[in-house]
> 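Dumping the structure here so I can ask a few things about it.
Each chain gets a letter, A, B and so on, in the order its sequence line appears, and its residues count up from 1. As the structure is a prediction and not an experimental result, all values here were calculated from the model.
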There are 2 protein chains.
Amino acid sequence: MSDNKNIRIKDIAEMAGVSVGTVDRVIHKRGKVAEEVRKKVENVLQSTGYKPNLLARTLGSKKALKIALLIPDPKQDEYWALAESGVKPSLEEWSQYGLEIAPNFFDLYESTSFATSAKEVLSSKPDGVIVAPIFHNESLNLFAELDRDQIPYVLFNTNIPEAQPLSFIGQDLYQSGKVGGELLSLDNTEKKGVAVFHIHESIDNSVHLKAKETGLRDFLGTAYDIESYDLNHVNSGELNQIVSKILHQSDLGAAFVSTSQGTNIIATLMEKHNCTHIKLVGYDLLAANLHYLEKGVINFLINQNPKRMTQVGISHLTNHLLFHKELPREELFPLEIISKQNVGSYLNSRIH
Amino acid sequence: MSDNKNIRIKDIAEMAGVSVGTVDRVIHKRGKVAEEVRKKVENVLQSTGYKPNLLARTLGSKKALKIALLIPDPKQDEYWALAESGVKPSLEEWSQYGLEIAPNFFDLYESTSFATSAKEVLSSKPDGVIVAPIFHNESLNLFAELDRDQIPYVLFNTNIPEAQPLSFIGQDLYQSGKVGGELLSLDNTEKKGVAVFHIHESIDNSVHLKAKETGLRDFLGTAYDIESYDLNHVNSGELNQIVSKILHQSDLGAAFVSTSQGTNIIATLMEKHNCTHIKLVGYDLLAANLHYLEKGVINFLINQNPKRMTQVGISHLTNHLLFHKELPREELFPLEIISKQNVGSYLNSRIH
DNA sequence: CAACTAATTGTGTGCGCACACAATTAGTTT
DNA sequence: AAACTAATTGTGTGCGCACACAATTAGTTG
């Protein structure tokens, strides 16, 4: 079909009987080109299937991309530390293109903190933004401004249907809950009591945690006795008491925790109260979770892969800005099942 | 610390008080450079942390990479069709660099066919080779020639310790077996009989399947009654008889199949003989396997991800040839646990 | 010391594109 | 028709590197 040899702008120019400057103008829709000429050039472009050489394009331009990252403070929650850890490899991957990543952290417990950080992001005039929109309303404000300034942005971890991001990166939470149910039901124990724990900080987020719960309930059906507990903003003393009571219900056979940090909190209490026989399924490869997985207190973890979410988000943004690549509106990660036996292969793998 | 601005060869040359040509010679170890000068330049290179601009480097060179792929005929086994399906996305990914991939297929059942294909690969004078070394001895012959011709190669799927490839891409088979054991033991059924099936074509390969079995046995320990069956080169009539007898043992609670194709063969027989109560763990997302996973005949699949192995292999080779990147000698993939509930998220994900 | 060779070092060009700027042409006004 | 402006098109340069080739210097020989 087409020649193996790559077609250059120069070739297009010759074929269309114009200069490279005109072809350039047509390709980038800049400057003025006579309508007749434009059509001719576009025809040639079309028929030859011209693809610009990205190397040459980027080499010449020399502009440093500035991407802002807006996530909760990694010090507050290891989950976000994992997310942040994706920055470094991304910088290395894209260092050739002069990529700059400016991380902005906000307080997981303060929506005002989010708003403040969002302002800082905006005033830094980034070329693109990747954001974990934990706080709904404040996020919408940010998106409005980004839309106005024509700054592309990628959402990750939490989706916001009203937003029009370049893409969303995350998981199907409902299906995630189903996987949780599947894992809990593996052991056909007599005990049909299942406790669902939502231990989180922001009420905004609880919508998403409920999606997991719905998936879990839909999978387990009526054969199980599912009770859910919303334990946000509870101090550890209270938590201990409440959970202790729950764990000692005679019929309780399994527990599902919808958050990564919550997973090891429950695991700690299970161990403390000698309830390690209760099946436990939670989220993510936090150090404490790995510890309890190893010990057998946690039976399975579902990996959300925050590190890779960050990397993919940055990659999408960079590909868009640098190469004008078409990207999927939604990038749903696989629901990775992590057990004691396969956890090592995940931790050692560079792929993940 | 270091200036944000990228250091160019020209800068190095100025600092060292030489010309760019000399710096070029030092970087590429070509031509003659006075020992004294070389040291000076290398010092500057070191202290500035010079990183070549890959865009510029690749832009200038203009050579089309030719990579040969040597795998079993995709028509013979869907596993290898999956492996081959990684070629297309790879070509797209690297199209900018003028990458050519020449697939060479051999007969899974004929070591001589491998040798013939290997010859073809060699005579095509590729820049790099990615090979599934199914046949041990024949592979060693190939490697010897590749080593002699200084052609880099990547092994995937099957490792060969004697070889010195750029890197090996695959999984930890022993640990894979452990995961299999873990998955089979989830259901604390009374029945402690476990059947291990090796259904394969090449005897060479059986060493690797045994590694899985060892992992399985080490995990399950003595509490289980494990019996293993080596069913290579058996026709389907015989197979039916043999397996039927095994499946009807009264104590049999679980089965582990070490190959992807074998997995659906056993699943088919299980269904035929109404033995779907027996737990079944096998390998890979073949269409038939997905069918039986959906039906509940297969309980879990361990995903080896042949498609991605191909992609990563090509990526490694390309990165090496084009960018002289340092690569890990071994790239072990995560041992992905696939269940009825999370299989969709894997099939839909672009990441995998 | 001229004439040569070998060793070492420097210079110039192209890769394909983006973008600034120069040149040309058409159209208008006085 | 000269003098202008607006519209359109063409030309030249740099991005950083690789590589071919030219130039210089040192070393040797008759």
> Output the single nucleotide from C/dG16, D/dT9, C/dT9 whose closest atom is nearest the side chain of A/Val37.
D/dT9
> May I have the distance from A/Leu45 (atom CG) to C/dC17 (atom C1'), rounded to whole angstrom?
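Rounding to the nearest Å, CG of A/Leu45 and C1' of C/dC17 are 14 Å apart.
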> Of all the choices, D/dG16, D/dT8, C/dC17, which nucleotide is nearest to the side chain of A/Ala56 once you look at every atom?
C/dC17
> State the pairing partner of C/dA3; accept Watson-Crick or G-U wobble contacts with both distances under 3.5 Å, and report none otherwise.
D/dT28
> Once you apply the 3.5 Å cut-off to both distances, tell me the Watson-Crick or G-U wobble partner of D/dA22, or none.
C/dT9
> One thing to verify: whether B/Lys39 and B/Glu42 come together as a salt bridge, which I'm taking to mean a side-chain N less than 4.0 angstrom from a carboxylate O.
no
> Give, for atom CG of B/Leu142 and atom NZ of B/Lys119, the distance between the pair rounded to the nearest 0.5 Å.
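Between atom CG of B/Leu142 and atom NZ of B/Lys119 there are 10.0 Å.
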> B/Lys10 NZ to C/dG12 P: how many Å, rounded?
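Rounded to whole Å, this separation is 12 Å.
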> Check the distance between C/dA18's P and A/Ile12's CD1 and give it to me in whole angstrom.
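That distance rounds to 13 Å.
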> Anything under 30° is parallel, anything over 60° is perpendicular, the rest tilted; go ahead and classify B/Trp80 against B/Phe156.
perpendicular
> Please determine if a side-chain N or O atom of B/Thr22 lies less than 4.0 Å away from the OP1 or OP2 oxygen of C/dG10.
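Answer is yes, contact under 4.0 Å.
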> Give me the one residue out of B/Glu331, B/Glu330, B/His316, B/Arg329 that meets side-chain hydrogen bond (donor to acceptor under 3.5 Å, both in side chains) with B/Ser167.
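Exactly one pass, corresponding to B/His316.
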> In this structure, how many angstroms lie between the P atom of D/dA20 and the CZ atom of B/Arg30, rounded?
8 Å
> Taking NE2 from B/His28 and P from C/dT8, how many angstroms apart are they, rounded to a whole number?
20 Å
> Supply the atom-to-atom distance A/Leu45 CG to A/Arg38 CZ, rounded to the nearest 0.5 angstrom.
11.0 Å
> In whole Å, what is the span from the CD atom of A/Glu36 to the P atom of D/dA7?
18 Å
> For D/dC17, take OP1 and OP2 only and decide whether either is under 4.0 Å from a side-chain N or O of B/Tyr50.
yes
> Return the value, rounded to whole Å, for the distance between atom CG of B/Asp24 and atom C1' of D/dA18.
6 Å
> Considering only side-chain heavy atoms of B/Arg8, which listed nucleotide, D/dT9, C/dA18, D/dG16, is closest?
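Nearest listed nucleotide: D/dG16.
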> Would you indicate what A/Val20 reaches in the nucleic acid, counting non-hydrogen atoms under 4.0 angstrom: base, sugar-phosphate, or nothing?
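If one applies the 4.0 Å heavy-atom cut-off, A/Val20 turns out to touch a base.
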> Between atom CD in B/Glu14 and atom P in D/dG16, what is the gap in whole Å?
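After rounding, the gap between these two atoms is 12 Å.
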